[in-house]
Protein chains: 2
Amino acid sequence: MINTSVLLASINRHITLEPADIVLFTTMLQPAQIKQGEFIETSGTVTPHFIHVLSGCLMTYYSDKNGHDHVIQFAMAGWWTGDLHSFTEQVPSIYSTRALADSEVLYLPKADMDRLLAEVPKFERFFRILFQNSLVTHQQRIIQNFSANAEERYENFRKKYPSLEQYVPLKYIASYLGFTPEFLSKIRRKQLDR
Amino acid sequence: MINTSVLLASINRHITLEPADIVLFTTMLQPAQIKQGEFIETSGTVTPHFIHVLSGCLMTYYSDKNGHDHVIQFAMAGWWTGDLHSFTEQVPSIYSTRALADSEVLYLPKADMDRLLAEVPKFERFFRILFQNSLVTHQQRIIQNFSANAEERYENFRKKYPSLEQYVPLKYIASYLGFTPEFLSKIRRKQLDR
DNA sequence: TTTCTTTCTTGAACTAGATTAAGAAAACTA
DNA sequence: TAGTTTTCTTAATCTAGTTCAAGAAAGAAA
């Protein structure tokens with residue numbers, strides 16, 4: 001049996017669920033084990049479910065027309081992830097999502113999410129707050145990319161997400177921050193010399 | 001008397017409002033006229049209301065520690081804008097918002113928004129969808145900034161927001177796209193020569 | 001342990017875009 | 001209408017970060 005207590009606690013920080021709501025919600029969730037390196041979503045296919053991470057670490061990235069990959073987000077235990085556009089509009093995704101470590105996840109299928117939102121308005125509130133907070137984070141990331149140089153962005157990243165370093169190869173951190181692994185090496189070398 | 005018909009129509013594309021909901025909502029809205037160049041919000045102060053644009057054009061920007069401004073968003077008729085973080089958490093804003101043209105706006109004060117969300121769950125749904133869509137747009141903007149060069153970003157911007165060009169000085173478009181006005185001049189010169 | 005694969009580092013050559021400073025063109029203002 | 005301010009352009013110089021290519025280190029596999 002899966003343990004949803006951490007997930008429920010995080011939801012309860014924003015809304016108050018009745019026992020019936022909890023039953024409805026938890027029966028919708030489908031647990032899955034993902035091995036390191038495995039894909040959970042691939043670009044070109046429709047995202048069938050929203051993803052909640054119980055343990056491990058996932059990475060979502062975009063492959064551009066030159067074949068370069070760009071990491072758009074990581075997801076650790078307690079985070080929701082996936083391609084929101086593909087999920088909500090049920091159109092093919094432009095992103096792929098892979099496990100950076102052995103991971104446990106919960107899937108919330110599209111039809112269930114729709115039903116949950118229609119039947120339990122409190123979940124509208126929960127996801128409104130979730131998306132609202134994520135939107136603020138994305139705005140801050142855009143600002144950072146414009147106003148800070150590569151070294152500052154790397155420092156801020158390490159401060160903001162210290163737990164990610166244990167899972168994420170440096171080349172993906174460089175990609176997430178918008179520069180090359182070679183340049184990250186230079187930054188790290190420079191910091192060692194100080 | 002202000003005309004809220006366009007706003008209500010845009011809301012009705014996502015939810016179905018009862019007459020009582022409409023009355024409650026519209027009585028909360030405070031109309032204001034903003035002259036070109038005037039500030040609607042200034043960094044350092046708490047954002048007291050969420051902003052809906054009826055006509056004209058607004059710009060929200062961040063001034064970094066070197067005194068450089070970075071445009072984070074524009075807002076045209078039919079768009080919502082403002083510093084979401086400052087608004088929801090009632091903390092001082094790091095952004096300023098100014099009118100790029102004479103504009104009419106509607107203010108939705110924080111206390112009213114809270115009451116609206118608590119009393120009419122349909123508005124939770126509306127704002128959930130609004131933030132969800134905005135989040136997708138922000139993700140796409142981040143991807144673009146990483147995977148496209150300055151010229152491609154300028155071309156995509158012109159395609160995506162053709163109506164903005166009439167209001168927005170080129171230097172702010174350059175800022176929004178993450179490069180200097182001088183470089184935008186070079187891009188435009190190059191395009192003329194072709 | 002050895003082998004294979006992936007990740008990280010180093011350095012040299014290069015380039016997209018920044019900076020600075022000036023003048024030209026537009027847009028307000030009176 | 002001229003005067004003032006803001007926006008846009010041009011060109012020379014500069015630099016943060018890229019590209020390419022190679023080797024070193026670290027992990028995974030067996």
Side-chain angles (χ1 to χ4, degrees), chain A residues 34-39 56-57 59 61 64-71 74 98-102 144-158 164-194, chain B residues 34-39 56-57 59 61 64-71 74 98-102 144-158 164-194:
Chain A
I34 319 290
K35 284 239 175 308
Q36 177 172 1
E38 277 182 9
F39 284 83
C57 184
M59 169 183 89
Y61 63 94
D64 70 21
K65 59 184 192 299
N66 303 317
H68 294 109
D69 290 351
H70 305 274
V71 175
F74 299 110
R98 273 178 50 202
L100 290 174
D102 291 355
Q144 263 243 100
N145 285 334
F146 287 163
S147 61
N149 66 21
E151 184 170 4
E152 290 165 337
R153 290 189 329 253
Y154 177 54
E155 275 315 298
N156 291 339
F157 178 87
R158 296 186 67 184
L164 273 173
E165 288 194 295
Q166 65 182 112
Y167 293 121
V168 183
L170 290 170
K171 61 176 187 170
Y172 297 133
I173 293 178
S175 172
Y176 177 86
L177 295 173
F179 47 81
T180 59
E182 291 89 344
F183 196 68
L184 180 51
S185 254
K186 268 188 211 166
I187 291 171
R188 288 160 56 81
R189 170 65 184 281
K190 200 173 127 196
Q191 292 180 338
L192 278 181
D193 292 350
R194 279 206 293 254
Chain B
I34 318 291
K35 285 239 176 307
Q36 177 173 1
E38 276 182 9
F39 284 82
C57 185
M59 168 184 89
Y61 62 96
D64 71 20
K65 59 184 193 300
N66 304 318
H68 295 110
D69 290 350
H70 305 275
V71 175
F74 300 109
R98 273 177 50 200
L100 290 174
D102 292 355
Q144 264 243 100
N145 286 336
F146 287 163
S147 62
N149 67 20
E151 184 171 3
E152 291 165 337
R153 277 167 11 230
Y154 177 54
E155 275 315 297
N156 291 339
F157 178 85
R158 295 185 68 185
L164 272 173
E165 288 195 295
Q166 67 182 110
Y167 292 121
V168 182
L170 290 169
K171 61 177 187 168
Y172 297 133
I173 293 178
S175 172
Y176 177 86
L177 294 173
F179 48 81
T180 59
E182 292 87 348
F183 195 69
L184 180 51
S185 255
K186 264 188 210 166
I187 290 171
R188 288 160 55 82
R189 171 65 184 282
K190 201 172 125 198
Q191 293 180 337
L192 278 180
D193 291 351
R194 280 206 291 255

Worksheet item: Do any side-chain nitrogens or oxygens of B:R188 fall under 4.0 Å of OP1 or OP2 in D:dC8?
Response: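 No, B:R188 has no side-chain N/O under 4.0 Å of OP1/OP2 on D:dC8.
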Worksheet item: Which nucleotides of nucleotides 10-20 of chain C have their base under 4.0 Å from a protein heavy atom (B), which only their sugar-phosphate (S), and which neither (-), written as one string 5' to 3'?
Response: B-B----BBBB
Worksheet item: Along nucleotides 23-30 of chain C, 5' to 3', which nucleotides get a B, which get an S, and which get a -, given that the test is a protein heavy-atom distance under 4.0 Å?
Response: --------
Whole-Å distance separating the [atom1] atom of [X] from the [atom2] atom of [N]:
{"X": "B:D69", "N": "D:dT6", "atom1": "CG", "atom2": "C1'", "answer": "15 Å"}
{"X": "B:I173", "N": "D:dT6", "atom1": "CD1", "atom2": "P", "answer": "20 Å"}
{"X": "B:Q191", "N": "D:dC8", "atom1": "CD", "atom2": "C1'", "answer": "15 Å"}
{"X": "A:L184", "N": "C:dC8", "atom1": "CG", "atom2": "P", "answer": "8 Å"}
{"X": "A:E165", "N": "C:dC8", "atom1": "CD", "atom2": "P", "answer": "11 Å"}
{"X": "B:L170", "N": "D:dT6", "atom1": "CG", "atom2": "C1'", "answer": "13 Å"}
{"X": "B:I187", "N": "D:dA11", "atom1": "CD1", "atom2": "P", "answer": "16 Å"}
{"X": "A:K190", "N": "C:dT9", "atom1": "NZ", "atom2": "P", "answer": "15 Å"}

Item to complete: Take B:R158 and B:E155 through the test side-chain contact (heavy atoms from CB on, under 4.5 Å) and record every step on the way to the result.
Response: CA-CA 5 Å; B:R158 295 185 68 185; B:E155 275 315 297; 4.1 Å; yes
Distance in Å, [X] [atom1] paired with [Y] [atom2], rounded so as to fall on 0.5 Å steps:
{"X": "B:R189", "Y": "B:K186", "atom1": "CZ", "atom2": "NZ", "answer": "11.5 Å"}
{"X": "B:Q144", "Y": "B:F157", "atom1": "CD", "atom2": "CZ", "answer": "11.0 Å"}
{"X": "A:Y154", "Y": "A:I187", "atom1": "OH", "atom2": "CD1", "answer": "8.0 Å"}

Worksheet item: For the helix from C:dT1-D:dA30 to C:dA30-D:dT1, what is the angle between the axes at its two ends, each from 5 pairs, rounded to 10°?
Response: 60°
Enumerate, atom names and distances included, each donor-acceptor pair closer than 3.5 Å involving a side-chain atom of residues 166-181 of chain B, sequence neighbours excluded.
from	atom 1	to	atom 2	distance (Å)
B:S175	OG	B:D69	O	3.4
B:S175	OG	B:V71	N	2.8
B:T180	OG1	B:F183	N	3.2

Worksheet item: Going through the distances and angles, do A:R98 and A:Y61 end up as a side chain to side chain donor-acceptor pair (under 3.5 Å)?
Response: CA-CA 9 Å; A:R98 273 178 50 202; A:Y61 63 94; 4.6 Å; no
Worksheet item: Looking only at heavy atoms, which two atoms of B:F146 and A:H70 are closest? And how far apart?
Response: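 Answer, listing the atom of B:F146 first, then A:H70: O-CE1, 3.5 Å.
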Worksheet item: Listed by chain and number, what are the side chain to side chain contact (heavy atoms under 4.5 Å, CB included) partners of B:Q36, not counting sequence neighbours?
Response: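 B:Q36 satisfies side chain to side chain contact (heavy atoms under 4.5 Å, CB included) with B:D102 only.
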Worksheet entry | Donor-acceptor contact below 3.5 Å, side chain B:N149 vs main chain B:E151 |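 Yes; judged by distance alone, with no hydrogens or angles, the pair exists.
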Worksheet item: Can you tell me if B:D64 uses its side chain to pair, donor with acceptor, with the backbone of B:N66 under 3.5 Å?
Response: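 Yes, because the side chain of B:D64 sits within donor-acceptor range (under 3.5 Å) of the backbone of B:N66.
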Response to the item:
Across all chains, not counting sequence neighbours, the side-chain hydrogen bond (donor to acceptor under 3.5 Å, both in side chains) partners of A:K35 are none
